[in-house]
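Each residue takes its place number in the sequence, starting with 1. The figures that follow rest on heavy atoms only: side chains count, while hydrogens, waters and symmetry mates do not.
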Amino acid sequence: MSKVTTEKLAYEIVPLPKEKWQGTPIPMRYTTTEYYDVAVEGTEAGFQVKLEKKPFEKPVTHTPEEYDFPDRLYQEHWEKAYAWGVIENGEMVACMETCPEEWSNRLMVTELWVHEDYRRQGIAHALMALAKEQVRQERRRALILETQSCNAGAIAFYLQEGFTLIGFDSCCYQNHDLERKEVRLDLGILYDKKPRLVRENIVIRPETAADHHATEEMTMRAFWNNYHPGCNEHLLVHKMRKSPDHIPGISRIAVKDGRVIGCIMYCRAWLKKGEETLEILSFGPLCVDPDWQGAGVGRMLLEETISLAREAGYPGIVILGEPGYYPKYGFVTCDKLGITTADGENYDAFMGYELTEGALKDFGGSFHGSGVFLDLPSGEVEEFSKQFPPMEKQYFPRQWD
């Protein structure tokens with residue numbers, strides 16, 4: 001689990017599953033001495049909008065009781081919401097909820113609250129870091145939220161976190177929000193799409209012994225918290241090199257400015273049909289350092305090694321991978337190739353690629369991968385991970401668990 005360390009206490013941030021926490025009230029209350037005055041003036045040329053921070057004549061307090069619909073976790077209109085929080089003595093003392101806005105590819109922070117007794121201890125910052133990591137994992141183009149123009153303390157925190165004003169709604173809560181000095185402000189962090197690298201920008205080459213530690217650390221960073229809290233792919237890389245099924249002649253790493261930023265590791269696999277066996281390829285992991293994800297490194301590794309595999313005479317490749325990524329490079333679900341898992345199953349992440357047209361489909365059968373993928377006990381993973389900079393485990397919505 002993630003740890004938030006303060007000078008006095010350490011708090012554990014834990015998932016708040018919907019089945020247990022749906023409908024839990026969030027007692028949003030705050031006192032403020034300032035507000036952002038929103039002024040809208042119509043002109044012949046259009047509209048002139050001005051936001052200016054001003055002091056209240058006396059402190060203003062807002063409590064949950066003044067609203068008809070108090071904040072609650074997992075409200076029905078947030079269909080894909082996910083929440084984390086801090087629990088002390090069985091009580092929720094902080095929480096954050098996020099929900100993807102799929103049509104615009106943005107992630108919204110729908111709730112962020114810390115009990116008055118726990119504020120200014122880094123909890124809100126740690127919760128927001130989870131939202132930013134979720135944006136990175138899901139490759140969202142923006143992180144957005146709403147707050148009120150009178151909540152100057154919250155606005156100051158969001159600005160410090162990197163948010164900026166992206167809009168406002170002058171009648172979100174009541175028709176006279178401008179006069180009440182409680183206008184909805186929309187804030188966001190906009191993430192620029194990373195520039196695409198071209199082949200000349202990086203070196204793609206076989207891995208050497210001197211690269212091993214850097215490749216494993218990069219792999220750990222690339223997969224951390226993606227499919228499960230933590231990951232085991234860095235140990236897989238370590239063990240795969242020692243496996244007789246590993247094929248170093250096709251496996252490659254990507255290097256930029258002397259730094260390993262990507263890798264793809266191939267090994268032998270087999271299709272079986274009755275007494276017949278066909279040797280094919282599988283790979284895993286294919287990964288890119290988080291600093292370079294989305295820049296085309298994975299595509300270059302994949303395309304270059306597919307050419308090597310074809311030249312080596314292999315009939316095809318079968319993998320377990322991201323259903324949203326590999327089909328754009330020609331992979332299809334294995335049911336279209338007449339291939340099942342060893343247990344006779346099929347699912348979206350189980351995909352194949354024919355290096356020779358018809359080679360996999362004509363054979364079909366069941367897939368059997370290298371045993372190295374099964375030799376990753378959790379205790380060994382934990383011990384192996386100690387040689388790398390520590391990373392915190394956490395749950396995220398798209399994990400398989």
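- For Arg119 against Val114, the heavy-atom pair with the smallest separation is NE-O, 2.6 Å.
- In this structure, the side chains of Leu376 and Phe384 stay at 4.5 Å or more apart for every pair of heavy atoms.
- Counting all heavy atoms, side chain and backbone alike, Gly298 lies closest to Val288 at N-CG2, 3.6 Å.
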Inset, instruction - Evaluate the criterion side-chain hydrogen bond (donor to acceptor under 3.5 Å, both in side chains) for residue pair Thr219 and Glu216; output intermediate values, then yes/no. - result: CA-CA 5 Å; Thr219 302; Glu216 291 159 3; over 6 Å; no
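- Distance check, rounded to the nearest 0.5 Å: NZ of Lys54 to SG of Cys150 gives 15.0 Å.
- In this pair, Trp84 and Phe396 present their aromatic rings perpendicular. The plane angle is above 60°, beyond the 30 to 60° band.
- Of the candidates Asp37, Thr32, Thr33, Tyr35 forms a side chain to side chain contact (heavy atoms under 4.5 Å, CB included) with just one, namely Asp37.
- For Glu76, the CD atom sits in a loose shell: 12 or fewer heavy atoms of surrounding residues, nucleotides or ligands are nearer than 6.0 Å.
- Between His234 and Phe223, the gap from one ring centroid to the other reaches at least 6.0 Å.
- Judged by distance alone, the side chain of Glu354 and the main-chain N or O of Lys361 form a donor-acceptor pair under 3.5 Å.
- A salt bridge does not link Lys194 to Asp192: none of the charged side-chain nitrogens sits closer than 4.0 Å to a carboxylate oxygen.
- Scanning all heavy atoms of the two residues, the minimum distance from Asp177 to Ser170 falls at CB-O, 3.3 Å.
- A distance of 7.5 Å separates CG of Asp169 from CG of Asp186, quoted to the nearest 0.5 Å.
- The residues Arg221 and Asp291 are annotated as salt-bridged, a charged nitrogen and a carboxylate oxygen being separated by less than 4.0 angstrom.
- The backbone N or O of Leu308 lies less than 3.5 Å from no partner atom in the side chain of Thr305, so there is not a single donor-acceptor pair.
- Listed for the Asp362 side chain is no donor-acceptor partner under 3.5 Å among the backbone atoms of Glu357.
- Between Pro100 and Leu107 the shortest heavy-atom distance is N-CD1, 3.7 Å.
- Ring centroid separation for the pair His125 and Phe157 does not come in under the 6.0 Å cut-off.
- With 3.5 Å as the limit, one finds a donor-acceptor pair spanning the side chains of Asp335 and Thr333.
- From Cys267, atom SG reaches atom CG of Asp245 across 6.0 Å, with rounding to the nearest 0.5 Å.
- Just one of Arg299, Arg205, Arg310, Arg199 meets the salt bridge (Lys or Arg N to Asp or Glu O under 4.0 Å) condition when paired with Glu304; it is Arg199.
- Checking Glu19 against Tyr74 by side-chain atom types alone, no donor-acceptor pair falls below 3.5 Å.
- The residues Glu102 and Arg140 are annotated as salt-bridged, a charged nitrogen and a carboxylate oxygen being separated by less than 4.0 angstrom.
- No side-chain donor from either of Glu88 and Tyr11 sits under 3.5 Å from a side-chain acceptor of the other.
- Distance check: Met300 CE to Leu197 CG gives 5.0 Å after rounding to the nearest 0.5 Å.
- Shortest non-hydrogen contact noted between Pro17 and Pro15 is CD-O, 3.3 Å.
- Under the 4.0 Å criterion applied to side-chain N and carboxylate O atoms, Lys239 and Glu380 are assigned as salt-bridge partners.
- A donor-acceptor contact shorter than 3.5 Å is absent between the side chain of Asn151 and the backbone of Gln148.
- The side-chain heavy atoms of Ile189 and Lys132, taken from C-beta on, include a pair separated by under 4.5 Å.
- Listed for the Asn232 side chain is no donor-acceptor partner under 3.5 Å among the backbone atoms of Leu235.
- Of all heavy-atom pairs spanning Ser282 and Ile317, the tightest one is CA-CG2, 4.2 Å.
- Here CD of Glu311 is found 11.0 Å from CG of Leu355. Values are rounded to the nearest 0.5 Å.
- Considering CD1 of Ile306 and CG of Leu302, their distance stands at 4.0 Å, rounded to 0.5 Å.
- Under the 4.0 Å criterion applied to side-chain N and carboxylate O atoms, Lys386 and Glu382 are not assigned as salt-bridge partners.
- Counting only distance, with no hydrogens or angles, the side chain of Glu111 and the backbone of Met96 share no donor-acceptor pair below 3.5 Å.
- Side-chain contact check for Glu12 versus Ile87: every heavy-atom pair is 4.5 Å or farther apart.
- With Glu276 contributing its side chain and Gly365 its backbone, the two residues share no donor-acceptor pair below 3.5 Å.
- Between Asp71 and Pro25 there is no side-chain heavy-atom pair separated by less than 4.5 Å.
- In this structure, the side chains of Met92 and Leu73 come closer than 4.5 Å at one or more pairs of heavy atoms.
- Checked against a 6.0 Å centroid threshold, the rings of Trp113 and Tyr118 do not count as neighbours.
- A 6.0 Å sphere centred on NZ of Lys193 holds no more than 12 heavy atoms belonging to other residues, nucleotides or ligands.
- Counted within 6.0 Å of NZ on Lys256, heavy atoms from surrounding residues, nucleotides or ligands total more than 12; the atom is thus considered enclosed.
- At a threshold of 4.5 Å between non-hydrogen side-chain atoms, the residues Pro206 and Ser251 do not count as touching.
- Counting only heavy atoms from C-beta outward, the side chains of Asp211 and Ile253 approach each other to under 4.5 Å.
- A salt bridge links Arg259 with Asp289: the closest approach of a Lys/Arg side-chain nitrogen to an acidic carboxylate oxygen falls below 4.0 angstrom.
- Applying the ring pair (Phe, Tyr, Trp, His ring centres under 6.0 Å) definition to pairs two or more places apart or across chains, those involving residues 276-297 are Tyr266-Phe283, Phe283-Tyr326.
- Contact annotation: the side chain of Thr356 never approaches that of Tyr314 to less than 4.5 Å [non-hydrogen atoms, C-beta and beyond].
- For the 3.5 Å distance criterion, the side chains of Gln293 and Arg136 qualify, holding a donor opposite an acceptor.
- Glu91 CD: 12 or fewer foreign heavy atoms inside a 6.0 Å radius.
- Panel note: side chain Trp224, backbone Pro229; no donor-acceptor pair is recorded below 3.5 Å.
- No option in Trp78, Tyr82, Trp21 other than Trp78 meets the side chain to side chain contact (heavy atoms under 4.5 Å, CB included) test with Glu97.
- Annotation: Asp117, atom CG; neighbour count of heavy atoms from other residues, nucleotides and ligands within 6.0 Å is above 12.
- Salt bridge status for Arg241 with Glu207: present, with a side-chain N to carboxylate O gap under 4.0 Å.
- A donor-acceptor pair under 3.5 Å is formed between the side chain of Arg252 and the backbone N or O of Gly249.
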Inset, instruction - Before giving the answer on ring pair (Phe, Tyr, Trp, His ring centres under 6.0 Å), spell out for His213 and Phe388 the whole-Å C-alpha distance, their side-chain angles and the decisive distance to 0.1 Å. - result: CA-CA 9 Å; His213 187 85; Phe388 305 104; 4.7 Å; yes
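- Counting only distance, with no hydrogens or angles, the side chain of Gln399 and the backbone of Asn225 share a donor-acceptor pair below 3.5 Å.
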